[in-house]
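We name chains A, B, ... by the order of the sequence lines, and we start the count at 1 in each one. These numbers come from a predicted model, not from an experiment.
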Number of protein chains: 4
Amino acid sequence: MTQAPRRKRANGVESRQRILDATVEIAGERGYDGTSIAAVSAKCGLPASSIYWHFKDKDDLIAAVIERSFETWLTAVELPGEGAGAPLERMTAMAANIAKSLVDAPDFLRLGLMLALERRPTEPRGRTVFLQVRDISRRRIAELLQGLFPDLDAPDLATLTTYTVAGADGLFVQREVAGDDVDLVALFEMHARMVYEAAARLSRAASPAAPCGD
Amino acid sequence: MTQAPRRKRANGVESRQRILDATVEIAGERGYDGTSIAAVSAKCGLPASSIYWHFKDKDDLIAAVIERSFETWLTAVELPGEGAGAPLERMTAMAANIAKSLVDAPDFLRLGLMLALERRPTEPRGRTVFLQVRDISRRRIAELLQGLFPDLDAPDLATLTTYTVAGADGLFVQREVAGDDVDLVALFEMHARMVYEAAARLSRAASPAAPCGD
Amino acid sequence: MTQAPRRKRANGVESRQRILDATVEIAGERGYDGTSIAAVSAKCGLPASSIYWHFKDKDDLIAAVIERSFETWLTAVELPGEGAGAPLERMTAMAANIAKSLVDAPDFLRLGLMLALERRPTEPRGRTVFLQVRDISRRRIAELLQGLFPDLDAPDLATLTTYTVAGADGLFVQREVAGDDVDLVALFEMHARMVYEAAARLSRAASPAAPCGD
Amino acid sequence: MTQAPRRKRANGVESRQRILDATVEIAGERGYDGTSIAAVSAKCGLPASSIYWHFKDKDDLIAAVIERSFETWLTAVELPGEGAGAPLERMTAMAANIAKSLVDAPDFLRLGLMLALERRPTEPRGRTVFLQVRDISRRRIAELLQGLFPDLDAPDLATLTTYTVAGADGLFVQREVAGDDVDLVALFEMHARMVYEAAARLSRAASPAAPCGD
DNA sequence: TATGAATGAGACTTCATTCAT
DNA sequence: AATGAATGAAGTCTCATTCAT
């Protein structure tokens, strides 16, 4: 603090961040194979060999990117208090929140989906990591649904969770393809409502009584 | 067996097919950058230089793959008579049909989605082609919905179509990730039902009357 | 004549010309290695394999180009009666004539010089041919000089001939490099005058007498 | 012998030189297209990929060769004091000097002329560089002539300079083609004399007086 | 007389990675 | 904590040429 550190003095943490920043951007745009160490090096300004000082290999780098992106994304999503309001309102609010975070930082999910779709003989660790963190999200959604609709039986809950996640993924793709024409927030809210109705219906079926209307 | 083909009898059409066959498989598993001409050459048995006789370059090859795959997929999907039955039944039947075709030949959509997600400076022609043929599908879905629910206004129709396509994409991804655990046919049918109900609801809102129940 | 030959009916002679035309142009611009059979094929519209029907191989093709170009160039140059007028006028007239032909069809000499400058282990036949036809020109110049200055002794004649040819080559290069700014005709005329004066001087030295001035 | 260098001690500067050395030799013999990176790699002992560490691409490599060769050549030519002696003697001395340097290191001019003669759609940077450095030489000749013949008017000076350079190029080509039979030094001296006489004549014409004789 | 298709060699270039400093 | 230099493998694509029709 007293000695105003000579900028550019070797700073491991900052270099690591710069590398990761460059990598999300490139990998988020071009996928695993499309991401070359040389391109990352060019974008972050550090020589390729420095990247290997921070990361074991390309696989490791991509995996680290997925990890860090997920954490960033998670904190962006979880800020708002989850507990308040009526069920439907809570669900649409959360959906809107997630939609916003995806619009702001689409690289994470874009890269993740690209990795997820690939089917190569030796699976990149980044893919594994993505599928793991994605499973965390999935579990959280399942818990939420179960909290709101305690009567749902296990298979229905699983199906509904799958459907929820699928809708999110699909709508995200839609926006990536069609661009800003697509109002992701509105679509996510609609998706939340549809899931809500389906859950209510299934719930009703499981525990009888309750007339029409919602 | 009778004809013992004098090895290497030039046959352009068949070679072209063999190249395309090899390419769908590889590109469907590894995406654009992951598809090396050498790998295609190894899989189809023709030397790399022969591939360049049939296709201008890699871009051209991938684009051709998308084109042919779409046509194949389309004929596989469209066979069943579209006209019969009650609206809901027709929709679920179609959904099931599409789901089946995707389970049988997932390469087309997998590759297409990978291409669609990429955002590289110079867009591969394959991506453009995929987005075009995808738009054809989209229009067909819109027409179907409009046929079944003539009261839907334009914005609702557009939103619903987007939602329908998104659900299909998302569920497909889900299955790609989770494997055979996911019953794609059942999920597509469920999706069809949910879209149906939403369409009915929106339709009812547009032209009043009609009580609860379906 | 009666039967207006269906254009495009297989015509060996014409095809050969088309191939040669395409080749002069390309080889004149890019040299031996820079001339690919594919490029020639593209420019003349015939498939590569057809080129091999007319010419044994690339070497043969280039050599044929040199041969034909030289003949064309020679007839263009030799038309005017060589015999008329005073010595100096005859020389400048010829020089101007040659300059004009080089401006009109520079491909021959450009390609020839490129070939001549190369020094590859296995010399292209085109180079040999060029050096041969070039020697014909050289001999003709020597004869001309000897005709005009019979007193020149053999070594002087050789040197003067070399100098004459060198000047022509060099001025041609100059024009190729600087473009139309260079008035090749004027420079060739000047070159002719300088050679003339030098020849006169050397001639005078060999056989004494003859006052100052020309 | 004492230091037995632990093979493969990274040394950028020396490697760069080795690559350039190999390239002049090959490119000077076979031109731009005839120079393959593989051949350079074989001649200099470094793998092809290492060449790309030092040079962006083939174009860059050839351009660097031209630059370095010109500098080398320039220092070889300029050593002798330019100022001494009578005009004609100074000119012939310089000419002889240049001739000697060209006999010793013909690669530079040979490659340069090959590049200069080519006319490809996208001009190699090496060609541009050659034409630039060549223009420096041209200017120097013009200055020399003007210094010796201050009465020459601008157009005459330009023409004479062009003629001087052209003669040098042409004689060089002559020697390249005919081999050691051609005494380049003698021819260059003769060229210098002829240019001198022409300059004197033109100079005399510009500022009258002075009888016949030389 | 011509050509569609094929082919191995080799072109240029980029890749991921390592190593000595 | 970092980097200049090197490297073998692999990338895309073009080469000259052949062959069956």
Among dT12(F), dT7(E), dA5(F), the nucleotide that comes nearest once only the side chain of Ser15(D) is considered: dA5(F)
Residue Trp53(C), side-chain atoms from C-beta onward, closest of dA11(E), dA16(E), dA2(E): dA2(E)
Closest to the Pro47(A) side chain, choosing from dT3(E), dT13(E), dG4(F): dG4(F)
salt_bridge(Arg18(B), Asp21(B)) N-O dist < 4.0 Å: no
Upstream residue (5' side of DNA chain E) when Ala39(D) and Lys56(A) are each assigned their closest nucleotide: Ala39(D)
Value in whole Å for how far the P atom of dT18(F) lies from CZ of Phe55(C): 16 Å
Nucleotide dC15(E), atom C1' - distance to CD1 of Ile62(A) in whole Å: 14 Å
Donor + acceptor pair across side chains of Tyr32(A), Asp33(B) (<3.5 Å): no
Candidates dT3(E), dA2(E), dT13(E) - which lies nearest the side chain of His54(C): dA2(E)
Nucleotide dT7(E), atom P - distance to OH of Tyr52(C) in whole Å: 18 Å
Distance in angstrom units between Arg16(C) CZ and dT1(E) C1', rounded: 14 Å
Nearest listed nucleotide, side chain of Lys58(B), among dT3(E), dA16(F), dT12(F): dT12(F)
For atom CZ of Arg18(A) and atom C1' of dA1(F), their distance in whole Å: 13 Å
Residue that, paired with Val40(D), satisfies side-chain contact (heavy atoms from CB on, under 4.5 Å) out of Leu20(D), Thr23(D), Leu46(D): Thr23(D)
Sugar-phosphate, base or nothing in reach of Thr35(B), heavy atoms under 4.0 Å: sugar-phosphate
Asn11(B) CG to dT7(E) P, straight-line distance once rounded to whole Å: 12 Å
Base paired to dT14(E) (Watson-Crick or G-U; both N/O distances under 3.5 angstrom): dA9(F)
Pairwise 5' ranking along DNA chain F for Asp59(C) and Ile51(D), keeping only the more 5' one: Ile51(D)
Nearest-nucleotide pick for Ala48(D), side chain only, options being dT13(E), dT3(E), dT17(E): dT13(E)
Cationic N near anionic O, under 4.0 Å, Lys43(A) to Glu25(A): yes
Any side-chain heavy-atom pair of Phe70(C) and Phe130(C) under 4.5 Å: no
Spacing of Ile37(C) atom CD1 relative to dA9(E) atom P, expressed in whole Å: 20 Å
Ser49(C), nearest nucleotide to its side chain (from dA16(F), dT3(E), dA16(E)): dT3(E)
Separation of dA16(F) P from Asp60(C) CG (nearest whole Å): 14 Å
Any-strand Watson-Crick or G-U partner of dA5(E), both distances under 3.5 Å: dT18(F)
Selected nucleotide, minimal atom distance to Ala38(B) side chain, candidates dT7(E), dT17(F), dG11(F): dG11(F)
Nucleotide of dT13(E), dC13(F), dA16(F) approaching Ser36(C) most closely (side-chain heavy atoms): dA16(F)
Carboxylate-amine/guanidinium proximity below 4.0 Å for Glu176(D) and Arg110(D): yes
